[in-house]
Novice: 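One structure follows; several queries about it will come next.
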There are 2 protein chains.
Amino acid sequence: MNAPVTSRPDIMAALEDRGHRSTAPRRAIIRILEGKQEGFTAEEIGKELPDVGRATIFRTIKLLLEADAICKLNLINGAPRYSLSRVEHHHHTVCVRCGNVGEFRAATVERLMRAIGSDIPGKIVGHRIELYVTCRQCMTPDQPSRNSEGP
Amino acid sequence: MNAPVTSRPDIMAALEDRGHRSTAPRRAIIRILEGKQEGFTAEEIGKELPDVGRATIFRTIKLLLEADAICKLNLINGAPRYSLSRVEHHHHTVCVRCGNVGEFRAATVERLMRAIGSDIPGKIVGHRIELYVTCRQCMTPDQPSRNSEGP
DNA sequence: TGACAAATTGATACTAGGTATCATGAACGC
DNA sequence: GCGTTCATGATACCTAGTATCAATTTGTCA
């Protein structure tokens, strides 16, 4: 749980490889979200970078999604959230209390998809699996939850 | 593919059981969506019922979600879509071309969730699985697609 | 049947998340 | 250094959905 996960190759370089320019706003956004191991929203980025326009934040998020550098997922109430992609193909756990996002890979999932594929009319072209969890921090009582979904 | 699936108990009765009144707009909305085996959007309902206010449509959808009479899912591009719940707990297939929604149950899925649960920090409280497919109709060439997602 | 309280409705305004437009400004290849 | 092309921020707009509120409809009870 405390290994230096941040040995990911430069995200800005990945964008440049796809023909996009290295600009100050893009670098700033990437720097911010590299610090957010637990997922983020567009609004959060905007608050931390008040000089960067809202449109630019959404545009950059879109580029990062296209480059598979981040992925988009939904809280159980539908609120969108983004998360850095650390491993190639993976799925997410989302804490229903604090919104923290985790990743997991499971070979079983892929096997399952192939198995289900034969039962389903048509051809499977993709899948999305999200597990809603109560994370360790939120299970210990009277821990302030960062992003409560209570009434 | 042509069995009379509509032997579902009265949806309006389910709402009444939950303390809601049987009103003309609600009955109209339910009648419309009972005819939509393949999923629907709020906007579609609104177009078919121009005399029913937009707010009422969203309010009714919310009640139906709470009563588990319908469920909400997302197309691969994030566009929301609703679908009648035919079986108790199930997952969805969504055609990436025409948007048609199917349901499936798989005991394997539930077993998988329990298995994954032991590998994940925290407690699983729910899950969402969506399979993106190209459905039979859309696989046969030059079939007009109802709801294309192309560029 | 009629009256009444409570629930529901439609209109409207509003919010969140995201996209389109467009004139100005910055990158980068030479 | 310069010009083209890309990117930016401001702004307006869009879709999906919620809040407000006066007017209407329901269900109930006499």
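Within every chain, numbering begins at 1; the chains are lettered A, B, ... in the order of the sequence lines, protein sequences first and strands thereafter.
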Novice: How close do Ile120(A) and Val133(B) get, heavy atom to heavy atom, and via which atoms?
Specialist: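 Ile120(A) and Val133(B) have their closest heavy atoms at CG2-CG1, 4.5 Å.
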Novice: Summarise how protein sits on nucleotides 11-19 of chain D as a single string, 5' to 3': B when a protein heavy atom is under 4.0 Å from the base, S for sugar-phosphate-only contact, - for no contact.
Specialist: -----SBBB
Novice: At the 4.0 Å heavy-atom cut-off to chain A, mark where contacts on DNA chain C begin and end, going 5' to 3'.
Specialist: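 Listed 5' to 3', the contact boundaries are dG17(C) to dC28(C).
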Novice: If we fit an axis to the first five pairs and another to the last five of the helix from dT1(C)-dA30(D) to dC30(C)-dG1(D), what angle do they make, to the nearest 10°?
Specialist: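 Comparing the first five pairs with the last five, the axes sit 30° apart.
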Novice: Are Leu15(B) and Phe40(B) connected into the same hydrophobic cluster when the rule is that any two of I, L, V, M, F, W, Y join if their side-chain heavy atoms are below 4.5 Å apart?
Specialist: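 Result: yes, single cluster for both.
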Novice: Please report the shortest heavy-atom distance between Ile57(B) and Ala42(B), naming the atom on each side.
Specialist: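 Looking at all heavy atoms of both residues, the closest pair is CG2-O, 3.9 Å.
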Novice: Do Gln137(A) and Arg97(A) have a side chain donor and acceptor closer than 3.5 Å?
Specialist: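 Absent: no donor and acceptor within the cut-off.
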Novice: How many angstroms lie between CG in Leu131(A) and CD1 in Ile124(B), if you round to the nearest 0.5 Å?
Specialist: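 Reported to 0.5 Å precision, the distance equals 4.5 Å.
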Novice: Among residues two or more places apart or on two chains, list those pairs meeting salt bridge (Lys or Arg N to Asp or Glu O under 4.0 Å) that have a residue in residues 46-63 of chain A.
Specialist: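 Non-adjacent pairs meeting salt bridge (Lys or Arg N to Asp or Glu O under 4.0 Å): Lys36(A)-Glu48(A), Glu43(A)-Lys47(A).
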Novice: Would you name the heavy atoms of Ile70(A) and Ile61(A) that are closest together and state the gap between them?
Specialist: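 Shortest heavy-atom separation between Ile70(A) and Ile61(A) comes out as CD1-O, 3.7 Å.
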Novice: Could you tell me which non-hydrogen atom of Thr41(B) sits nearest to which non-hydrogen atom of Pro80(B), and how far apart they are?
Specialist: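 Of all heavy-atom pairs spanning Thr41(B) and Pro80(B), the closest is CG2-O, 3.9 Å.
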Novice: Using the salt bridge (Lys or Arg N to Asp or Glu O under 4.0 Å) rule, collect all pairs that involve residues 11-31 of chain A, keeping only residues at least two apart or in two chains.
Specialist: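 Checked against salt bridge (Lys or Arg N to Asp or Glu O under 4.0 Å) - neighbours excluded - no pair reaches residues 11-31 of chain A.
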Novice: Do the side chains of Leu33(B) and Phe58(B) join up, straight or via other hydrophobic residues, at under 4.5 Å, putting them in one cluster?
Specialist: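 Each belongs to a different hydrophobic cluster.
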Novice: Consider only side-chain heavy atoms of I, L, V, M, F, W and Y, link residues closer than 4.5 Å, and tell whether Val94(A) and Ile129(B) are in one cluster.
Specialist: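 Not linked; separate clusters.
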Novice: For Thr93(A) versus Glu103(A), what's the shortest heavy-atom pair and its separation?
Specialist: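 Where Thr93(A) meets Glu103(A) most closely, the heavy atoms are OG1-N, 4.5 Å.
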Novice: Could you write nucleotides 24-30 of chain D as a row of B, S and -, 5' to 3', where a protein heavy atom under 4.0 Å of any base atom gives B, of only sugar-phosphate atoms gives S, and otherwise -?
Specialist: --BS---
Novice: Atom CD1 of Ile30(A) to atom C1' of dA7(D): distance rounded to whole Å?
Specialist: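 In whole Å, dA7(D) C1' lies 14 Å from Ile30(A) CD1.
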